[in-house]
A.B. asks: 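A single structure is presented below for examination.
The basis for the numbers below is simple: all heavy atoms, side chains too, and nothing from hydrogens, waters or symmetry mates. Fair warning: this is a prediction, and the values are worked out from it, not measured in the lab.
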Amino acid sequence: MVDRQAERRWESLSPFELKNELIALAGERNGRNARALLNAGRGNPNWTATAPREAFFLLGSFGMAEARRDWDEWDGLAGVPREDGIAERMTAFLRDNADRPGAEQLSRSVAWGVDRLGFDPDAWVWELTDAVVGDHYPDPVRMLSHVERVVHAYLVKEVCDGHDPARPYDLFATEGGTAAMCYVFDSAVINGILRPEDTIALMTPIFSPYLEIPHLERYRFKTIEIAATKVNASGVHTWQYDLRELDKLSDPQVKAVFVVNPSNPPSVMLAPEALDRIVEISRTSNPGLTIITDDVYGTFVNGYRSLMSAAPRNTIGVYSFSKYFGATGWRLGVIAINQDNVFEEKLAALPRSDRDRLRERYGSISLEPEKIRFIDRLVADSRQVALNHTAGLSLPQQAQMALFALAELMDEENEYRHTCQAIVARRLHALVKGMGVPLPKDPLSAHYYAELDLLSFIGRTFGQEFATWLVHNYEPVDPVFRLAEKGSVVLLNGGGFDGPEWSVRVSLANLEMDAYEKIGTWLKEVVQGYKDEFDRS
């Protein structure tokens with residue numbers, strides 16, 4: 001048993017670092033008890049989208065055929081794909097390979113770009129083919145032009161609930177959502193959008209790195225929290241925000257707000273009234289507010305609409321393909337900024353000293369550096385400006401990103417989405433079945449994670465005296481250590497996400513369904529163990 005003093009040391013760390021200790025502890029018990037380790041501590045899904053991957057691998061075969069067609073003089077060496085007539089050659093290739101996995105998907109993907117977005121067939125097919133071969137630097141460095149339009153259409157459908165913006169979004173393809181957030185933080189400070197010591201708001205609970213990054217020496221932001229404190233009639237958390245809590249954003253001293261929507265770990269999207277209040281604040285009392293939204297889980301909720309759609313002028317949107325398509329290893333993310341935005345106005349209004357500093361910073365890549373837009377500064381900053389000419393996400397990654405997006409755009413009945421939603425919903429059902437509690441019903445929930453407030457449950461079920469005794473006698477992280485020791489189960493402590501201290505986060509994405517009933521059962525046994533000890537005392 002891990003003692004209380006050791007638990008106090010560990011709970012000061014990020015939950016993702018604490019997870020490593022839990023894995024080690026669970027692995028030790030696993031070896032002793034011959035039980036399988038159940039790691040529900042990470043959000044890496046255990047499914048993969050097959051159709052767009054099969055299309056990608058077949059596209060690779062076509063790309064190599066095109067390279068050899070260009071030049072095949074030496075063994076083990078070929079030329080590069082050529083644009084002239086390439087669409088007709090792909091049609092012939094797909095006809096000859098119609099029985100191979102991915103042939104129909106690739107054919108439909110190409111046709112969708114031509115028919116729906118008006119792409120020139122040769123230019124479109126060449127961009128995809130040259131990208132999959134990876135024989136050129138990214139050009140444009142921000143994002144391939146056809147791929148950008150495809151991903152734009154995908155974002156409108158999937159995270160903007162079909163609302164076309166009055167002005168389009170400019171997109172920057174990045175190495176996953178992680179890189180996107182790093183680039184946004186860095187460029188915002190470099191360009192005076194945010195400054196060290198500025199006050200920013202964090203909508204909590206929130207992904208723990210967003211709690212940690214603002215306090216790094218290079219940022220030194222002052223932070224306030226917008227806490228999701230609402231509960232339903234039964235006293236159960238809804239993980240929604242009281243409108244009076246959101247009114248903290250009305251203060252112009254609050255320069256930015258960071259939100260994960262749907263949230264992580266509760267996995268619940270902003271209620272319409274909360275979304276509307278943030279939009280109202282950005283239009284009236286705090287028009288300079290910078291909104292940074294991470295929308296990675298939006299595809300798991302029907303009717304999801306991002307703040308990048310509701311408040312496009314103020315919002316920097318970040319999206320990752322990793323969770324929905326089972327593609328965390330691909331590192332596919334995108335930053336979206338509407339062409340009509342407040343950030344260009346902020347740059348123009350900077351003091352003379354800042355404008356001179358930035359003119360010098362970007363002077364090597366433009367004769368008119370002051371005209372470089374914020375999103376293009378993001379690209380340059382991602383490569384220390386001097387390497388801007390070799391910036392950009394690798395082209396094979398962009399090809400796969402486009403094929404992921406096209407798979408969803410062509411799925412007009414949303415069959416893939418419904419399947420993914422069913423997977424996590426069934427696992428949630430198994431979890432609460434094991435716990436012996438009612439299944440929560442919330443149309444705003446993505447069900448990608450479950451955040452379970454054990455102390456709230458104990459107080460409602462067994463009484464406040466037991467809950468108070470528990471707080472006095474144990475650390476909030478004690479339940480996750482008990483689970484690791486008891487059942488080789490790894491969960492993350494919700495307090496590390498600035499959620500309730502006695503909550504735990506269960507990922508519903510990365511284990512087989514029967515594992516969740518076991519986790520629920522062991523959670524119930526852990527609570528019962530505390531209760532038995534309380535009764536004896």
Side-chain angles (χ1 to χ4, degrees), residues 44-72 75-83 85-114 119 121-138 143-144 146-148 150-151 154 173-176 299 320-334 392-411 415-417 419-420:
N44 198 107
N46 64 347
W47 65 78
T48 54
T50 55
R53 282 177 168 89
E54 289 170 341
F56 175 85
F57 293 125
L58 188 58
L59 176 63
S61 295
F62 175 69
M64 295 316 300
E66 283 294 294
R68 290 192 175 95
R69 175 184 175 275
D70 176 56
W71 182 37
D72 197 21
D75 290 341
L77 198 152
V80 298
R82 300 296 178 182
E83 182 174 336
I86 195 172
E88 186 176 340
R89 293 194 296 277
M90 175 177 272
T91 299
F93 172 86
L94 292 175
R95 183 175 59 246
D96 294 342
N97 292 273
D99 59 340
R100 292 180 62 180
E104 181 182 0
Q105 183 77 6
L106 182 55
S107 178
R108 292 177 60 226
S109 296
V110 170
W112 200 94
V114 173
F119 292 162
D122 280 349
W124 168 222
V125 172
W126 178 82
E127 183 175 278
L128 283 176
T129 306
D130 191 67
V132 80
V133 172
D135 59 292
H136 285 110
Y137 288 110
M143 196 168 187
L144 294 177
H146 295 84
V147 172
E148 180 176 11
V150 166
V151 174
Y154 170 83
T174 64
E175 303 88 343
T299 43
S320 168
F321 289 76
S322 60
K323 303 300 195 298
Y324 194 47
F325 295 98
T328 52
W330 263 107
R331 314 309 299 136
L332 303 178
V334 65
L393 183 67
S394 84
L395 297 191
Q397 287 174 282
Q398 293 198 45
Q400 181 67 91
M401 183 187 292
L403 291 170
F404 280 143
L406 285 160
E408 194 68 5
L409 288 165
M410 296 186 298
D411 183 8
E415 292 181 9
Y416 181 83
R417 178 197 294 179
T419 300
C420 291

A.B. asks: Kindly write out the residues that satisfy salt bridge (charged side-chain N to carboxylate O under 4.0 Å, His left out) with Asp135, not counting sequence neighbours, or none if the list is empty.
C.D. replies: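 None.
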A.B. asks: My understanding is that only residues two or more places apart in sequence, or in another chain, count here; which of them pass ring pair (Phe, Tyr, Trp, His ring centres under 6.0 Å) with Phe93?
C.D. replies: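 Testing Phe93 for ring pair (Phe, Tyr, Trp, His ring centres under 6.0 Å), a comparison that skips the adjacent residues, returns Phe62.
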A.B. asks: For side chain to side chain contact (heavy atoms under 4.5 Å, CB included), just list the numbers for Leu59 and Met90, CA-CA rounded to whole Å, side-chain angles, deciding distance to a tenth of an Å, and then say yes or no.
C.D. replies: CA-CA 9 Å; Leu59 176 63; Met90 175 177 272; 3.7 Å; yes
A.B. asks: I'd like to check the side chain to side chain donor-acceptor pair (under 3.5 Å) partners of Ser394; sequence neighbours left out, ordered by chain and number.
C.D. replies: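 Once residues adjacent in sequence are excluded, the partners of Ser394 under the side chain to side chain donor-acceptor pair (under 3.5 Å) criterion are Gln397.
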A.B. asks: Determine the minimum heavy-atom distance between Ile86 and Trp126, stating which atoms define it.
C.D. replies: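 Scanning both residues, the minimum pair turns out to be CG2-N, 3.7 Å.
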A.B. asks: Would you be so kind as to tabulate the donor-acceptor pairs closer than 3.5 Å made by side chains of residues 398-411, with sequence neighbours excluded?
C.D. replies:
unit_1	atom_1	unit_2	atom_2	d
Gln398	OE1	Leu144	N	3.0
Gln398	NE2	Leu393	O	3.0
Gln400	NE2	Pro52	O	3.3
Glu408	OE2	Tyr324	OH	2.7
Asp411	OD1	Asn414	N	3.1
Asp411	OD1	Glu415	N	3.0
Asp411	OD2	Glu415	N	2.9
Asp411	OD2	Tyr416	N	2.8

A.B. asks: Check Gly63 against Pro81 and note the closest heavy-atom contact, atom names and distance.
C.D. replies: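 What the structure gives for the nearest pair is O-CG, 4.2 Å.
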A.B. asks: With sequence neighbours excluded, what pairs up with Trp47 under the side chain to side chain donor-acceptor pair (under 3.5 Å) test?
C.D. replies: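 With sequence neighbours excluded, Trp47 shows a side chain to side chain donor-acceptor pair (under 3.5 Å) to no residue whatsoever.
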A.B. asks: Applying side chain to side chain donor-acceptor pair (under 3.5 Å), can you list everything that pairs with Thr174, at least two apart in sequence or on another chain?
C.D. replies: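 Testing Thr174 for side chain to side chain donor-acceptor pair (under 3.5 Å), a comparison that skips the adjacent residues, returns none.
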A.B. asks: Show me, pair by pair, the donor-acceptor contacts under 3.5 angstrom made by side chains of residues 99-113, not counting sequence neighbours?
C.D. replies:
unit_1	atom_1	unit_2	atom_2	d
Arg100	NH1	Asn97	OD1	3.3
Arg100	NH2	Ser61	OG	3.2
Ser109	OG	Gln105	O	2.8

A.B. asks: With a 4.5 Å heavy-atom cut-off, do Met143 and Val151 have their side chains touching?
C.D. replies: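 Heavy-atom side-chain distance check passes, below 4.5 Å.
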A.B. asks: For Ala123, check side chain to side chain contact (heavy atoms under 4.5 Å, CB included) against everything at least two apart and list the hits.
C.D. replies: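 Ala123 satisfies side chain to side chain contact (heavy atoms under 4.5 Å, CB included) with Glu83, Asp120, His146 only.
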A.B. asks: If you apply the rule side chain to side chain contact (heavy atoms under 4.5 Å, CB included), what do you find for Leu77 with Trp71, and how did you get there?
C.D. replies: CA-CA 8 Å; Leu77 198 152; Trp71 182 37; 3.4 Å; yes
A.B. asks: Quick one: side chain to side chain donor-acceptor pair (under 3.5 Å) partners of Asp72, sequence neighbours excluded?
C.D. replies: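 Applying side chain to side chain donor-acceptor pair (under 3.5 Å) to Asp72 gives none.
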A.B. asks: Which pairs pass salt bridge (Lys or Arg N to Asp or Glu O under 4.0 Å) with one or both residues in residues 58-71, sequence neighbours excluded?
C.D. replies: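 For residues 58-71: Glu66-Arg89, Asp70-Arg82.
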A.B. asks: What's the spacing between Thr129 OG1 and Leu395 CG if we round to 0.5 Å?
C.D. replies: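 Those atoms lie 12.0 Å apart.
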A.B. asks: For a 4.5 angstrom cut-off between non-hydrogen side-chain atoms, does Leu94 reach Leu58?
C.D. replies: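 Heavy-atom side-chain distance check passes, below 4.5 Å.
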A.B. asks: Ignoring hydrogens, what is the shortest heavy-atom contact between Asp122 and Glu88? Give both atom names and the distance.
C.D. replies: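 The pair with the smallest heavy-atom distance is OD1-N, 4.4 Å.
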A.B. asks: Name all pairs fulfilling the salt bridge (Lys or Arg N to Asp or Glu O under 4.0 Å) condition that reach into residues 52-61, sequence neighbours left out, sorted by first residue then second.
C.D. replies: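 Of all non-adjacent pairs touching residues 52-61, none passes salt bridge (Lys or Arg N to Asp or Glu O under 4.0 Å).
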A.B. asks: Who pairs with Phe56 by ring pair (Phe, Tyr, Trp, His ring centres under 6.0 Å), at least two apart in sequence or on another chain?
C.D. replies: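 For Phe56 the ring pair (Phe, Tyr, Trp, His ring centres under 6.0 Å) partners, ignoring immediate neighbours, are Trp330.
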A.B. asks: Does the side chain of Thr328 reach to within under 4.5 Å of the side chain of Ser320, using non-hydrogen atoms?
C.D. replies: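 Side-chain contact under 4.5 Å: no.
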